[in-house]
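Contents: one structure, followed by commentary.
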Amino acid sequence: SAADSSASAPAQVLDLPAELILLSEFCSTIAGHFELKDVLPLIAARMKKVLPFDTCVFYLYEGSDCLRAAYATGMYPEQISGHRIVVGKGISGWVMAHKRPMMNTGPALDFQDIDGDFSLFKDTLVVPIISKEESLGTISLYAQKPSTYTRMELEILQTLTGFLAPVLMESKKGAAQAAGKVLDPVTQIPRISYLTTAGPRLISLAERDRAPASVLSIEIRNLNQISRLYGASIANSALKKVADCIKQELRETDVLVRFGHRGFVAFLPGVRNDQAIHCAQRLRHQIESHASATVGQNCPVVCRIGTASYPKDGISILALLRSAQQNSEA
């Protein structure tokens, strides 16, 4: 059965679980910077902490009136990944076409064209991912126990799709725009896309050698204030000076990239967590002492730096970056 029309838009959940707040910050941070194949597994893992399911599938619209399972986790991920559903058909196809959620109904229609016994699934919760009236796909949850899902769980999933929609929109338009744009024009250091490409190789080397590695997340907290007071040119000069300060503290084997509007990320192979913390302390002193000279004493540069270490805080670049941001201190 379809949920009533009052649930067709994301509800205002006043007391969001802490995990949802973290997911909101995570999605707003990574939009446009990472590939979906890296993002969806992390979102699904976080969803498991706030929603019950045995299988979660992200069906995304790929054109020609067709949805494709871009990522599946839980039971039968190999059989479901890549599965296609015609828009309007099955449960997920109906939700995509009508932009309305569906809950607490047998999910068999979603698995008609897949080899295998999916009779263990007794219940489903499917919510459309919508951005500016455009249907982008669905998040489809399947459970073995019947009548699992509540109205609150529907509202939580709708809230989560609201976080994910901008990430999908950025992904749709970002691939073409990112081609050939490796260097950031302001600081002349690589963009975050370089680290997402080189990162898996760096992680695999650390795993092979059983060596530590650390990530620094560096954010200029008052860059917008500097820009308002002194203009974009001075703000860009401050960014360039910050990049120079960071490079002076790093080794040739370290990787520094520009991340977002006001931040940087550094990958430090062979560096333990305690060493990364000392490096962060030196960097903060260098940045706030020397970069501030670019702006003036009336508005000194203020930075926030967080650290994360492999494998304690994550085993992928994206997981390490997220941990470093959570561990940052003003």
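Keep in mind that the numbers below use all heavy atoms, side chains included, and drop hydrogens, waters and symmetry copies. Counting begins at 1 with the first residue of the sequence. Please read all numbers here as calculations on a predicted model, not as lab measurements.
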Exercise. Do side-chain atoms of E288 reach the backbone of H285 as a donor and acceptor pair under 3.5 angstrom?
Worked result: no
Exercise. Is I203 close to Y310 at the side-chain level, that is, under 4.5 Å between some pair of heavy atoms?
Worked result: yes
For this session: Starting from the C-alpha separation in whole Å, work towards a yes-or-no answer on salt bridge (Lys or Arg N to Asp or Glu O under 4.0 Å) for D244 and K241.
Result: CA-CA 5 Å; D244 292 341; K241 186 63 177 179; 5.6 Å; no
Exercise. CG of L216 to CG of L256: how many Å apart, nearest 0.5 Å?
Worked result: 9.5 Å
For this session: Check whether any side-chain heavy atom of Y61 sits under 4.5 Å from a side-chain heavy atom of I129, and report yes or no.
Result: no
For this session: Ignoring hydrogens and angles, tell me if any N or O in the side chain of D54 forms a donor-acceptor pair with the backbone of Q144 under 3.5 Å.
Result: yes
Exercise. Hey, mind stepping through R251 and V271 against side-chain contact (heavy atoms from CB on, under 4.5 Å) and telling me if it holds?
Worked result: CA-CA 11 Å; R251 307 161 300 174; V271 173; 3.4 Å; yes
For this session: Check for a donor-acceptor pair, side chain of D123 on one end and backbone N or O of T148 on the other, with a separation under 3.5 Å.
Result: yes
Exercise. Does L268 offer a backbone N or O that forms a donor-acceptor pair with the side chain of S214 under 3.5 Å?
Worked result: no
Exercise. Checking side-chain contact (heavy atoms from CB on, under 4.5 Å) against L239, which of I234, V301, I226, V186 comes through?
Worked result: V186
Exercise. What's the spacing between T253 OG1 and F267 CZ if we round to 0.5 Å?
Worked result: 10.0 Å
Exercise. Does some side-chain heavy atom of R100 sit less than 4.5 Å from a side-chain heavy atom of P128?
Worked result: no
For this session: Can you see which heavy atom on R258 is nearest to which on I189, and at what distance?
Result: N-CD1, 3.7 Å
Exercise. When clusters are formed by joining ILVMFWY residues with side-chain heavy atoms under 4.5 Å apart, either directly or through shared neighbours, do V39 and L157 land in the same one?
Worked result: yes
Seminar exercise, completed: Nearest heavy-atom contact between D313 and A308 is OD2-CA, 3.4 Å
Problem set entry | Y71 and F58 aromatic ring geometry - parallel, tilted or perpendicular at 30°/60° bounds | tilted
For this session: Look at the side chain of T124 and the backbone N and O of P107, then say whether any donor-acceptor pair between them is shorter than 3.5 Å.
Result: no
Exercise. Do other residues, nucleotides or ligands put more than 12 heavy atoms under 6.0 Å from K48 NZ?
Worked result: yes
Problem set entry | Shared hydrophobic cluster, M102 / V87 (ILVMFWY, side-chain heavy atoms < 4.5 Å) | no
Exercise. Hey, are the side chains of H83 and Y59 touching, using non-hydrogen atoms and a 4.5 Å cut-off?
Worked result: yes
For this session: Mind listing the closest non-hydrogen atom pair of K122 and K145 along with its distance?
Result: CB-C, 4.2 Å
Problem set entry | Donor-acceptor contact below 3.5 Å, side chain T150 vs main chain E153 | yes
Exercise. Can you tell me if S237 uses its side chain to pair, donor with acceptor, with the backbone of S233 under 3.5 Å?
Worked result: yes
Exercise. Does any non-hydrogen side-chain atom of L250 lie less than 4.5 Å from one of I246?
Worked result: yes
Exercise. Do side-chain atoms of R208 reach the backbone of A211 as a donor and acceptor pair under 3.5 angstrom?
Worked result: no
Exercise. Side chains of H261 and E219: closer than 4.5 Å at any heavy-atom pair?
Worked result: no
Exercise. Under 30°, 30 to 60°, or over 60°: which ring-plane class applies to Y142 and F121, parallel, tilted or perpendicular?
Worked result: tilted
For this session: Grab the two heavy atoms, one from I130 and one from K99, that are nearest each other, plus how far apart they are.
Result: CD1-CB, 3.6 Å
Seminar exercise, completed: dist C303:SG -> L223:CG (nearest 0.5 Å) comes out at 12.0 Å
Exercise. Minimum heavy-atom separation for A44 to F53, with atom names?
Worked result: O-CZ, 4.0 Å
Exercise. Is the backbone N or O of R272 less than 3.5 Å from a side-chain atom of Q275, with the two atoms forming a donor-acceptor pair by type?
Worked result: yes
Problem set entry | Nearest-0.5 Å distance that lies between atom CE in M103 and atom CG in L141 | 10.5 Å
For this session: Treat each ILVMFWY residue as a node, draw an edge where side-chain heavy atoms are under 4.5 Å apart, and state whether V242 and V302 are in one component.
Result: no
Problem set entry | V126 vs P101 side-chain heavy atoms within contact, under 4.5 Å | no
Exercise. Can you check whether N224 reaches N222 side chain to side chain, under 4.5 Å on heavy atoms?
Worked result: no
For this session: List the steps and the verdict of side-chain contact (heavy atoms from CB on, under 4.5 Å) for V215 and T307.
Result: CA-CA 6 Å; V215 164; T307 65; over 6 Å; no
Exercise. When you look at CZ of F118, are more than 12 heavy atoms from neighbouring residues, nucleotides or ligands closer to it than 6.0 Å?
Worked result: yes
Exercise. Given the rule that I, L, V, M, F, W and Y join up when any side-chain heavy atoms are under 4.5 Å apart, are I80 and L40 in one cluster?
Worked result: no
Problem set entry | Heavy atoms of other groups near I315 CD1, more than 12 under 6.0 Å | no
Exercise. Same cluster for L120 and F111 if Ile/Leu/Val/Met/Phe/Trp/Tyr side chains link at under 4.5 Å?
Worked result: yes
Exercise. L164 and I139: side-chain contact (heavy atoms from CB on, under 4.5 Å), yes or no, with the steps?
Worked result: CA-CA 10 Å; L164 183 57; I139 299 180; 4.0 Å; yes
Exercise. How long is the span from the CD atom in E207 to the CG atom in L202, to the nearest 0.5 Å?
Worked result: 13.0 Å
Exercise. Taking atom CD of E62 as the centre, does the number of heavy atoms from other residues, nucleotides or ligands within less than 6.0 Å exceed 12?
Worked result: yes
For this session: Please name the pair of heavy atoms, one in M96 and one in G137, separated by the smallest distance, quoted to 0.1 Å.
Result: SD-N, 3.6 Å
For this session: Start with the C-alpha distance between L60 and R68, add both sets of side-chain angles, then the distance that settles side-chain contact (heavy atoms from CB on, under 4.5 Å), and finish with yes or no.
Result: CA-CA 5 Å; L60 302 183; R68 179 178 175 276; over 6 Å; no
Exercise. Is there a donor-acceptor contact under 3.5 Å from the side chain of D110 to the main chain of I91?
Worked result: yes
Seminar exercise, completed: d(C66 SG, K89 NZ) to nearest 0.5 Å is 13.0 Å
